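Have a look at the structure below before the remarks.
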Amino acid sequence: MADSLERDARKWIKVFREESGDGTSGAPALAERRDAIVRRTLTWWDRARRALAWRAAPGETPDPYRVWLSEVLLQQTTASAATPYYRTFVERWPTVERLAAAPMEEVISAFAGLGYYSRARNLHACAKAVAARGGRFPSEEAELRALPGVGAYTAAAIAAIAFDRRAAPVDGNIARIVARLTALETPIASSRKAIAAAARALAPDRRAGDFAQALMDIGATLCRPLTPDCPACPLSRDCLAFRSGAPETFPRKAAAKPKPKRIGAVFFAHRADGAFLARRRPPKGLLASTVELPGTVWTGEGPGTAWAEDAPIPARWRRLPGAVDQVFTHFALSLAVYAAPYAGGAPDSHFWVSRDAVAEAGFSNVMRKAVAHAIAARPE
DNA sequence: AAAGCGGGGGG
DNA sequence: CCCCCAGCTTT
């Protein structure tokens, strides 16, 4: 059963790929299914499309500037998060020339809160590039691809949506749909080319932009990652994942790769009254602004300060038995803990934390554990 | 807590 | 070419 589904998936992708090439090989049954998929998808979209701020009304000619702007804002961002930003941008900079003429800082500020701020820099650079060629966006994918901040996805989206070219953008939604249509057994990340080929083969000669937007809407509202609504989906009768009975198990997940291990050491420098030295982490990056014990750089991390440069180094650091372990999103950390009495004043950027103020001091979980570890060892 | 998400830059 | 990163959302 699984084998036949797998064969079917490969056949789909293979045939789609062939049909998207020179078109000589005949596979009428699958070609008809492809046409049926397109027809059902467009019919569904004409009835159920989302009314998003950047979408031209049916029959209206899209403005390439608005299409591009919306696609950049939508990178790594949901439609609901992008909408208020889109409105702000088009009101403030109604044309690409106006955006190109704006100071960079204003563009960055207008982006604040969306994340991935290199998008803002590229947005501005791209506006300038387009303004320099007369304010008209190229309609060819290859030329679009050469613009700053425009990768394969965005180039295909603009070509299809703004210029009605037969292009096949593959965003996360569309990749999921293709993986489900074909019951693809390999994870999306390792099947990019096959998915792109299948998407290209599916794309219709006319209304490719509508088709792509329709798939995105289906992905967002029906073919959801965890809870697909197959009964409402216009593609379910063509969908091998649906036929498998467990559509939500597609796309297959890549095996979680083992987290890299990092190691480091922290120093518990304690005073006669039990207080110990701490410092605050930088305002950016991991555990930003939280309080920590002074310690070494963790392996695999950037530069840092092990111990205050202006402080005397205790001669009697004692390695405490055991270690403090913490698993973060991207890596696992194991910290050795060293302790020593310390009689001097607090060095620059360091401060004393008394034993009964540990809870309110602002330690991260891992540093709280490290402090508890040190105290439990009853140094001195 | 963990996964998802396009482009870009680095290995 | 593949891998990793970046910040915020959604689950």
Side-chain angles (χ1 to χ4, degrees), chain A residues 67-86 108-127 129 141-142 144-161 167-180 186-197 199 212 215-216 219-229 248-260 262 282-289 299-302 325-333 364-366:
Chain A
V67 173
W68 161 74
L69 175 61
S70 67
E71 289 300 340
V72 172
L73 293 176
L74 286 165
Q75 290 165 6
Q76 307 290 66
T77 308
T78 59
S80 68
T83 296
Y85 287 84
Y86 173 80
I108 304 277
S109 298
F111 231 91
L114 265 194
Y116 292 96
Y117 301 104
S118 63
R119 286 188 291 170
R121 189 169 40 79
N122 286 331
L123 187 81
H124 196 232
C126 184
E141 259 184 285
L144 286 162
R145 181 73 180 73
L147 294 169
V150 179
Y153 164 77
T154 308
I158 297 171
I161 298 170
V170 178
D171 71 348
N173 288 315
I174 293 177
R176 185 171 59 254
I177 290 172
V178 170
R180 284 181 174 160
T186 48
I188 285 177
S190 50
S191 317
R192 286 266 157 70
K193 292 182 72 168
I195 291 172
L215 290 182
M216 294 178 202
T221 65
L222 301 176
C223 196
R224 296 168 300 223
L226 298 181
T227 56
D229 185 0
E248 72 285 353
T249 64
F250 295 90
R252 299 304 197 208
K253 280 192 282 227
K257 63 175 174 192
K259 297 178 192 266
R262 292 180 180 179
K284 306 269 295 178
L286 188 77
L287 307 177
S289 298
T299 53
E301 285 243 312
D325 297 306
Q326 171 83 13
V327 179
F328 291 98
T329 316
H330 298 97
F331 62 94
L333 176 66
S364 58
N365 284 335
V366 61

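Owing to the predicted nature of the structure, the values given are computational and were not obtained by experimental measurement. Chain identifiers are assigned alphabetically (A, B, ...) following the order of the sequence lines, protein sequences preceding nucleic acid strands; residue numbering begins at 1 within each chain.
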*asked:* Nearest 0.5 Å, please: how far is CG in A:Leu69 from SG in A:Cys126?
replied: 10.5 Å

_Non-hydrogen atoms of A:Glu141 and A:Ala159 that approach each other most closely_ = CG-CB, 3.9 Å

*Which heavy-atom pair separates A:Asp171 from A:Met216 by the least distance, and what is that distance?*
OD2-CG, 3.5 Å

_Rounded at 0.5 Å granularity, tell me how far CD in A:Glu71 sits from CG in A:Leu73._
9.5 Å

*Assess whether atom CZ of A:Arg192 is packed by more than 12 heavy atoms of other residues, nucleotides or ligands within 6.0 Å.*
no

*Does a side-chain N or O from A:Tyr116 land closer than 4.0 Å to OP1 or OP2 of C:dC5, or not?*
no

*Rounded off to whole Å, could you give me the CG-to-P distance for the A:Leu114 and C:dT9 pair?*
8 Å

*Euclidean distance, atom CD1 of residue A:Ile108 to atom P of C:dG7 [Å, nearest integer]*: 11 Å

*So, does A:Tyr86 use its side chain to make a donor-acceptor pair with the main chain of A:Leu74 at under 3.5 Å?*
no

*For A:Ile195 and B:dG6, what is the distance between atoms CD1 and P respectively, to the nearest whole Å?*
13 Å

*Could you state the CD1-C1' distance from A:Ile188 to B:dC5, rounded to the nearest angstrom?*
11 Å

_Please give the distance between the P atoms of C:dA6 and B:dG11 as a whole number of Å._
15 Å

*side-chain contact (heavy atoms from CB on, under 4.5 Å) partners of A:Thr77, counting only residues at least two apart*: A:Ala81, A:Ala82, A:Leu114, A:Arg119

*Just how far, in rounded Å, is P of B:dG4 from CZ of A:Arg192?*
11 Å

*Can you see which heavy atom on A:Tyr116 is nearest to which on A:Gln76, and at what distance?*
OH-NE2, 3.6 Å

_In the structure I gave you, are the side-chain heavy atoms of A:Leu144 and A:Trp68 within less than 4.5 Å of one another anywhere?_
no

*asked:* Between A:Arg224 (side chain only) and A:Gly219 (backbone N and O only), is there a donor and an acceptor less than 3.5 Å apart?
replied: no

*State, to 0.1 Å, how close A:Pro169 and A:Ala157 come at their nearest heavy-atom pair, and which atoms those are.*
CB-N, 3.7 Å

_With no hydrogens and no angle check, just 3.5 Å: does a side-chain donor-acceptor pair link A:Tyr153 and A:Gln75?_
no

_Nucleic acid contacts of residues 220-227 of chain A, taken as heavy-atom distances under 4.0 Å to DNA chain B_ = none

*In which stems does DNA chain B show up, taking only runs of three or more Watson-Crick or G-U wobble pairs whose two distances fall under 3.5 Å?*
B:1-5 with C:7-11, B:7-11 with C:1-5

*Using a distance-only test with no angle check, is there a side-chain donor-acceptor pair under 3.5 angstrom linking A:Thr227 and A:Glu248?*
no

*What integer distance in Å separates A:Phe111:CZ from C:dC8:P?*
12 Å

*Contact summary for A:Ala155 and A:Arg145, nearest pair of heavy atoms*: CB-N, 3.8 Å

*For residues 148-158 of chain A, which residues have at least one heavy atom under 4.0 Å from DNA chain B?*
A:Pro148, A:Gly149, A:Val150, A:Gly151, A:Ala152, A:Tyr153, A:Thr154

Where do N or O atoms of nucleotides 9-11 of chain B meet protein N or O atoms at under 3.5 Å, pair by pair?
none

*Rounded distance in Å - CD1 (A:Ile177) to P (B:dC5)*: 11 Å

*Which of residues 75-83 of chain A have a heavy atom under 4.0 Å from DNA chain C?*
A:Gln76, A:Thr78, A:Ser80

*Check A:Asn173 against A:Ala220 and note the closest heavy-atom contact, atom names and distance.*
OD1-N, 3.8 Å

*For the pair A:Tyr117 (side chain) and A:Gly115 (backbone), establish whether a donor and an acceptor sit closer than 3.5 Å, ignoring hydrogens and angles.*
yes

*Take atom C1' in B:dG8 and the same atom in C:dT9, then report the distance between them in whole Å.*
22 Å

*Atom-pair distance (CZ on A:Arg145; C1' on B:dG6), nearest Å*: 10 Å

